[in-house]
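The structure under discussion appears below in the form of structure tokens.
Heavy-atom basis, side chains included; hydrogens, waters and symmetry copies ignored. Predicted, not measured: the structure shown is a model, and the values here were computed from it. Residue numbers begin at 1 in each chain, while the letters A, B, ... track the order of the sequences.
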Amino acid sequence: MGKSAVAWSRWSSLDLDWHPSEAVFNETLSGGQAFRWRNEGDYWEGVWASYSVRLRLTIKGVEWSAPKPSNHSRLAALKRYLSADIDFNEITDALPWRSDSNLEQALKQWSGLRILRQPFGETLLCFLCSSTKRIEQISEICERMAVSHGELIAGGRHRLPTWDEIYEAGESALRGTGMGYRARYIWQTSAFLKTHSGWLEEVESLQYEHAKSRLVELPGVGEKIADCVLLFGAGKLEAFPVDTWILKTMAKLYDLEGWKPHQVAHFGRAHFGRFAGYAQQVLFTEMRRREG
DNA sequence: TGACAGGGGGTGT
DNA sequence: ACACCCCCTGTC
């Protein structure tokens with residue numbers, strides 16, 4: 001049965017105070033927080049957990065559609081995914097933009113950008129695939145992993161495999177999805193999780209510093225990936241992921257030439273405070289817009 | 001057009 | 001510092 005056979009609900013507006021520009025809307029869905037959104041012309045189609053949803057931006061605001069039969073819990077899940085409980089205007093205001101013109105300009109440019117709240121376990125899985133990869137490549141790996149090892153869900157797409165399914169697939173099958181050396185880390189992580197029931201749930205519930213120190217114990221998870229997982233998959237807005245791009249950007253903007261990633265991360269959290277991750281995301285996005 | 005070297009949004013040794 | 005696996009890029 002093809003995708004065309006699936007019926008989708010009519011478009012309805014989201015019960016969410018979000019009025020992004022097109023650039024901000026696109027950036028939120030495909031700017032490197034999540035890897036399973038596809039642009040289908042006038043709408044985006046995304047998958048997380050066992051949900052498939054379409055979103056589009058109209059003059060009236062953001063609208064959504066889901067495979068029939070739709071139900072209320074899907075909307076609740078979508079709102080959680082979009083961090084509906086977080087007021088990003090409030091967060092913006094709490095950042096030190098009054099004394100930081102770089103930040104002020106980036107915040108103005110990307111006003112309305114949201115930090116997603118994705119399922120913790122699959123955020124970990126996606127970011128384990130991310131080292132030395134570009135966004136498009138990470139998306140392709142995740143898609144192949146879903147098609148090969150994750151179930152078909154309503155709407156015609158596949159969800160990502162669960163950690164149990166990763167374990168059952170085995171390392172060599174994972175390599176078949178083009179993830180290369182990352183397959184070993186991912187399989188080893190699945191084996192760890194198999195023998196540590198409840199580990200993910202516990203780590204997600206911990207405070208930032210504690211959660212991070214636990215995450216970096218996993219094979220293939222260093223500081224950067226741990227911070228991404230906590231920022232985009234656990235709502236820890238103080239997490240400040242430092243990759244080579246943000247390292248260059250921070251060096252340039254804040255005169256931190258020669259600083260190590262760990263030092264820049266420390267600087268970021270000290271300078272931007274408890275919502276450092278949001279500052280990181282807008283600065284990163286603004287830098288990327290300028291560079292190309 | 002094809003072959004080939006170089007290197008990537010990171011981590012582990 | 002360097003390998004790791006894959007794949008994309010620039011270059012000849």
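One interatomic measurement links the two molecules: CZ of A:Arg182 to C1' of B:dG8, which rounds to 9 Å at whole-angstrom precision. Put simply, CD1 on A:Ile138 is 13 Å from P on C:dC8, counting in whole angstrom units. Remark: P of B:dT11 and CG of A:Asp243 are 10 Å apart, rounded to the nearest angstrom. Atoms CZ (A:Arg175) and P (C:dC4) sit 11 Å apart, rounded to a whole Å. Between the CE atom of A:Met179 and the P atom of B:dT11 there is a distance of 16 Å, rounded to whole Å. Rounded to whole Å, the distance from CD1 on A:Ile141 to C1' on B:dG8 is 12 Å. The interatomic distance linking A:Lys133 (NZ) with B:dG7 (C1') rounds to 12 Å, in whole Å. One interatomic measurement links the two molecules: CD of A:Glu171 to C1' of C:dC5, which rounds to 11 Å at whole-angstrom precision.
Spacing of P atoms, B:dG9 relative to C:dG10, comes out at 14 Å, to the nearest Å. Across C:dC2 and B:dG6, the matching P atoms stand 14 Å from one another, rounded to whole Å.
Contact annotation: side chain of A:Arg184 to base of B:dG12, donor-acceptor pair absent below 3.5 Å. With hydrogens and angles ignored, no donor-acceptor pair under 3.5 angstrom links the side chain of A:Tyr181 to the base of B:dG12.
Backbone-only contact: A:Thr244 has heavy atoms under 4.0 Å from sugar-phosphate atoms and none from a base. Across all strands shown, A:Leu218 has heavy atoms under 4.0 Å from sugar-phosphate atoms exclusively, and none from any base. Within 4.0 Å of A:Leu247, counting heavy atoms only, lies no atom of the nucleic acid at all.
Nearest nucleotide to the side chain of A:Ile225, out of C:dC6, B:dG9, B:dT11: B:dT11.
Under the 6.0 Å cut-off for aromatic ring centres, A:Phe192 and A:Tyr185 do not qualify, their centroids lying 6.0 Å or more apart.
Heavy-atom distances under 4.0 Å link DNA chain B to no residue of residues 261-281 of chain A.
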Please convert DNA chain C into dot-bracket. A pair counts if it is Watson-Crick or G-U wobble with both distances under 3.5 Å; crossing pairs go in [ ] and bases paired with another strand get |. ||||.|||||||
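Side-chain contact between A:Trp259 and A:Val242: absent, with no pair of heavy atoms (C-beta onward) separated by less than 4.5 Å. Taking 4.5 Å as the limit, some side-chain heavy atom of A:Leu160 sits within range of a side-chain heavy atom of A:Met145.
For the pairing with A:Tyr208, the side chain to side chain donor-acceptor pair (under 3.5 Å) check across A:Glu238, A:Arg269, A:Arg274, A:Lys236 returns one residue only, A:Arg269. If you run side chain to side chain contact (heavy atoms under 4.5 Å, CB included) between A:Ile186 and each of A:Met179, A:Arg175, A:Glu171, only A:Met179 comes through.
Around atom CZ of A:Arg98, more than 12 heavy atoms belonging to other residues, nucleotides or ligands sit under 6.0 Å away. Atom NE2 of A:His262 has 12 or fewer heavy atoms from other residues, nucleotides or ligands within 6.0 Å. The local environment of NZ in A:Lys108 is sparse, with at most 12 non-hydrogen atoms from other residues, nucleotides or ligands closer than 6.0 Å.
Each of A:Glu140 and A:Thr132 lies near DNA chain C, and the nucleotide nearest A:Thr132 is the one positioned closer to the 5' end. Heavy-atom nearest nucleotides on DNA chain B were determined for A:Gln137 and for A:Tyr185, and the one closer to the 5' end corresponds to A:Gln137.
A salt bridge links A:Glu151 with A:Arg159: the closest approach of a Lys/Arg side-chain nitrogen to an acidic carboxylate oxygen falls below 4.0 angstrom. Remark: A:Arg56 does not engage A:Glu40 in a salt bridge, criterion side-chain N to carboxylate O under 4.0 Å.
Between A:Arg134 and B:dG9, a side-chain N or O to OP1/OP2 separation shorter than 4.0 Å is present.
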